[in-house]
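Structure first, then comments.
Because the structure is a prediction, the values reported are computed rather than measured.
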Amino acid sequence: MISEDQLREKLRKIEALYAGAKTDGEKSAAGAAAERIRVKFENASKQERAEEFKFSITDPWSRQLFIALCRRYGIKPFRYTRMHRQTVIIRAPASFVQMTLWPEFEELSSALTAHLDEITTKIIREEVHEATQDADEVREPRQLR
């Protein structure tokens with residue numbers, strides 16, 4: 001299991017990848033990476049019109065991550081009245097969403113999900129029961145006619 005510090009470092013590296021960091025110094029500067037991505041967003045906003053994108057993110061942790069990531073880069077996530085809580089709408093240039101925001105979110109979400117899964121499994125094994133695999137699959141009983 002990776003430590004919290006290792007997870008944080010992994011998340012910084014993912015962000016640096018999408019910021020276009022090329023040197024080790026750039027890759028280690030998390031704040032600079034976020035700023036480079038904000039500049040990418042601003043440049044894309046000047047070159048193309050913002051479009052409306054609708055995302056349905058059912059997992060509350062992933063949704064929280066996506067909303068925070070949007071806000072970090074200057075995008076204001078919202079939903080219209082009476083929309084489900086899992087719905088998040090943003091207005092942004094399509095190229096930025098498709099090439100930076102969504103791929104970065106998917107990688108960050110995957111890393112966090114794997115970490116949360118490891119922690120949860122460990123705690124269940126230690127505090128509830130050591131068998132944490134899924135329920136057994138059995139054949140259905142025959143139906144009477």
Given side-chain contact (heavy atoms from CB on, under 4.5 Å), test I124 with H129 step by step and report yes or no.
CA-CA 6 Å; I124 291 171; H129 193 274; 5.8 Å; no
Is it true that the side chains of W102 and E106 contain a donor and an acceptor less than 3.5 Å apart?
yes
Classify the side-chain pair T58/Q86 by whether it contains a donor and acceptor separated by less than 3.5 Å.
no
When rounded to the nearest 0.5 angstrom, what distance separates [atom1] in [X] from [atom2] in [Y]?
| X | Y | atom1 | atom2 | answer |
| --- | --- | --- | --- | --- |
| F96 | I75 | CZ | CD1 | 5.0 Å |
| S62 | F105 | OG | CZ | 4.5 Å |
| Q133 | T121 | CD | OG1 | 11.0 Å |
| Y80 | T87 | OH | OG1 | 12.0 Å |
| E104 | M99 | CD | CE | 13.5 Å |
| K54 | I90 | NZ | CD1 | 14.0 Å |

Nearest heavy atoms of E51 and A94, plus distance in Å
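Scanning both residues, the minimum pair turns out to be OE2-CB, 3.5 Å.
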Minimum side-chain heavy-atom gap [X]-[Y] below 4.5 Å:
| X | Y | value |
| --- | --- | --- |
| L101 | F66 | yes |
| R71 | P77 | yes |
| E48 | S95 | yes |
| R79 | H84 | no |

Look at atom CE of M83 and say whether more than 12 heavy atoms of other residues, nucleotides or ligands are closer to it than 6.0 Å.
yes
Output, in order, the C-alpha distance, side-chain angles, deciding distance and verdict of side-chain contact (heavy atoms from CB on, under 4.5 Å) for F55 and V97.
CA-CA 11 Å; F55 300 91; V97 173; 3.9 Å; yes
T113 side chain to S109 backbone, donor-acceptor under 3.5 Å
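Yes, the answer is positive, given that a donor and an acceptor are paired below the 3.5 Å cut-off.
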Candidate pair R91 and E52, rule salt bridge (charged side-chain N to carboxylate O under 4.0 Å, His left out), full reasoning:
CA-CA 4 Å; R91 289 189 184 110; E52 192 168 279; 3.2 Å; yes
What pairs with W61 under ring pair (Phe, Tyr, Trp, His ring centres under 6.0 Å), at least two apart in sequence or on another chain?
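With neighbours one apart ignored, the set is empty.
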Who pairs with K122 by salt bridge (charged side-chain N to carboxylate O under 4.0 Å, His left out), at least two apart in sequence or on another chain?
E126
